[in-house]
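First comes the structure, then the notes that go with it.
All ligand and atom numbering here is 1-based and tracks the order in the structure. Counting from 1, the numbers follow the sequence of the chain as shown. Just so we're clear, the structure is a prediction, and the values are computed from it rather than from any experiment.
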Amino acid sequence: MLDKLDALQQRASAALEALTDLAALEAWHAQYLSRRGELTQLLRSVGQLPPQERPGAGQRANELKTALEAAYERRQADLKRQARTQALTAERVDVTLPGRPPSLGRLHLSTQALRRIYAIFADMGFQVYRAPDVETDELNFELLNMPPHHPARDMWDTFYTTREGVLLRTHTSPGQIRAMRDYCPEPIRVILPGMCYRYEQVTARSEMMFHQVEGLAVGKHIAMTDLKGTMTEYAHRMFGEGRKMRFRSSHFPFTEPSVEVDMDCILCGGEGCRVCKYTGWLEIAGAGMVHPVVLRNGGYNPDVYSGFAFGMGVERPAMLSHSIDDIRYFFSNDVRFLEQFG
Ligand code: PHE
């Protein structure tokens with residue numbers, strides 16, 4: 001029995017030395033130390049030895065078991081360390097390689113222009129009032145003094161929904177009615193920014209959708225001169241202190257009197273160029289004193305209250321400031337365009 005144990009010890013130790021990976025180590029463990037392993041079998045057979053040999057053989061077998069288990073654990077630790085070192089060299093990561101910077105988003109050019117406009121009007125006491133893009137015929141036209149069949153509707157042809165009387169707004173002016181009905185009888189000083197839609201041929205000069213900012217002031221003793229001062233202050237802050245202003249008489253069904261607000265051309269300074277069509281002037285807004293019918297539709301008594309309103313585009317002035325020659329870039333979502341601003 002003792003000889004068998006010696007022989008087993010030699011074979012097992014030699015095999016343990018020779019093996020080089022963890023799979024082989026597990027096979028080794030199964031062969032010698034598992035429940036069916038050779039050493040376990042020998043241990044079991046101790047019971048069949050003559051009684052006087054049992055203690056010696058038992059002790060020797062147990063010592064061998066402890067020794068082999070310890071050797072197994074040492075070898076396992078060695079092999080694991082080796083495997084890790086190998087993996088570290090084979091799968092080396094170059095931590096000095098510069099990372100790939102995530103691309104940063106930025107505000108759309110229209111949003112940037114809108115925010116400049118908000119800031120200027122905020123300084124003059126105007127709050128932002130939100131009104132929906134999907135409107136009713138009643139608010140987009142009728143309450144703005146354009147009954148059905150009114151010829152002025154042709155200037156604001158739009159997209160209709162399948163719901164009778166529901167359309168995409170052609171201007172931000174219907175928001176005037178909403179704001180008035182909301183605030184009446186308080187005085188009002190709001191701007192209404194947002195998208196407008198028109199059934200129009202899309203060209204380099206005109207899109208079927210664009211932003212407008214509407215302005216509305218209602219109160220007692222509001223006069224044309226307030227409108228002129230507000231527009232002048234806006235143009236000076238948006239386009240430069242020295243800008244010259246011109247208020248040209250015009251017509252809108254919802255204002256009386258109505259004007260077009262012009263400023264001297266920022267490209268030629270009034271000399272006349274292609275952009276201002278050789279007039280020296282650029283139109284920046286439509287405006288006027290709120291029509292008595294519109295005031296009444298908003299809930300205000302036109303004998304007591306008066307007000308002014310204006311509506312201006314957002315993309316066209318941004319085109320001028322950034323020398324953009326085609327309005328279609330704004331909504332074609334080409335990042336090469338969008339990345340140039342901000
Ligand atoms: N709503 C007009 C347009 O879209 C502009 C405007 C607004 C004119 C307010 C007068 C007063 O052309």
Side-chain angles (χ1 to χ4, degrees), residues 110 114 117 121 124 126 128-129 131-133 135-146 150-159 167-180 188-200 205-219 222-232 234-235 245-263 282-298 300 302 305-317 327:
S110 299
L114 279 167
I117 297 172
F121 282 103
M124 292 190 269
F126 285 80
V128 171
Y129 187 94
D133 292 16
E135 264 299 0
T136 58
D137 183 278
E138 188 187 20
L139 274 109
N140 196 69
F141 294 118
E142 278 171 54
L143 295 172
L144 293 174
N145 209 17
M146 280 181 274
H150 192 290
R153 285 184 175 221
D154 287 355
M155 281 171 65
W156 291 280
D157 198 7
T158 188
F159 300 97
L167 44 78
L168 298 187
R169 66 175 177 190
T170 46
H171 48 178
T172 40
S173 303
Q176 287 187 35
I177 303 285
R178 290 178 179 273
M180 283 192 273
I188 300 179
R189 216 183 281 178
V190 291
I191 51 171
L192 305 108
M195 201 71 109
C196 303
Y197 307 83
R198 289 199 191 164
Y199 184 62
E200 270 187 352
R205 293 267 313 147
S206 53
E207 251 291 2
M208 45 142 285
M209 60 186 212
F210 53 90
H211 287 93
Q212 274 192 346
V213 176
E214 188 92 1
L216 175 69
V218 176
I222 291 187
M224 187 80 174
T225 177
D226 297 313
L227 169 63
K228 287 171 113 176
T230 306
M231 291 286 91
T232 305
Y234 163 71
M245 306 299 289
R246 181 174 79 170
F247 296 84
R248 179 162 45 91
S249 128
S250 183
H251 169 76
F252 298 102
F254 33 91
T255 46
E256 181 59 36
S258 303
V259 290
E260 301 288 348
V261 182
D262 295 343
M263 123 193 131
L282 294 171
E283 187 188 308
I284 61 166
M289 300 309 289
V290 182
H291 196 288
V293 166
V294 176
L295 276 174
R296 197 173 289 114
N297 289 340
Y300 290 85
Y305 292 92
S306 56
F308 69 76
F310 57 83
M312 54 199 185
V314 173
E315 281 78 25
R316 292 239 176 100
I327 197 170

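- For Tyr305, the ring pair (Phe, Tyr, Trp, His ring centres under 6.0 Å) criterion is met by Tyr300, not counting sequence neighbours.
- Remark: Glu283 does not engage Arg316 in a salt bridge, criterion side-chain N to carboxylate O under 4.0 Å.
- Separation of the Phe121 and Phe310 ring centroids falls under the 6.0 Å cut-off.
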- [ ] Report the C-alpha distance between Thr170 and Asp157 in whole Å, list the side-chain angles of each, state the deciding distance to 0.1 Å, and finish with yes or no for side chain to side chain contact (heavy atoms under 4.5 Å, CB included).
- [x] CA-CA 7 Å; Thr170 46; Asp157 198 7; over 6 Å; no
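- The aromatic ring centres of His171 and Phe254 sit less than 6.0 Å apart.
- The 4.0 Å heavy-atom shell around ligand 1 contains residues Trp156, His171, Ser173, Gln176, Arg198, Gln212, Glu214, Phe252, Phe254, Thr255, Gly286, Ala287, Ala309, Phe310, Gly311, ordered by chain and number.
- A salt bridge does not link Glu200 with Arg205: none of the charged nitrogens is closer than 4.0 Å to a carboxylate oxygen.
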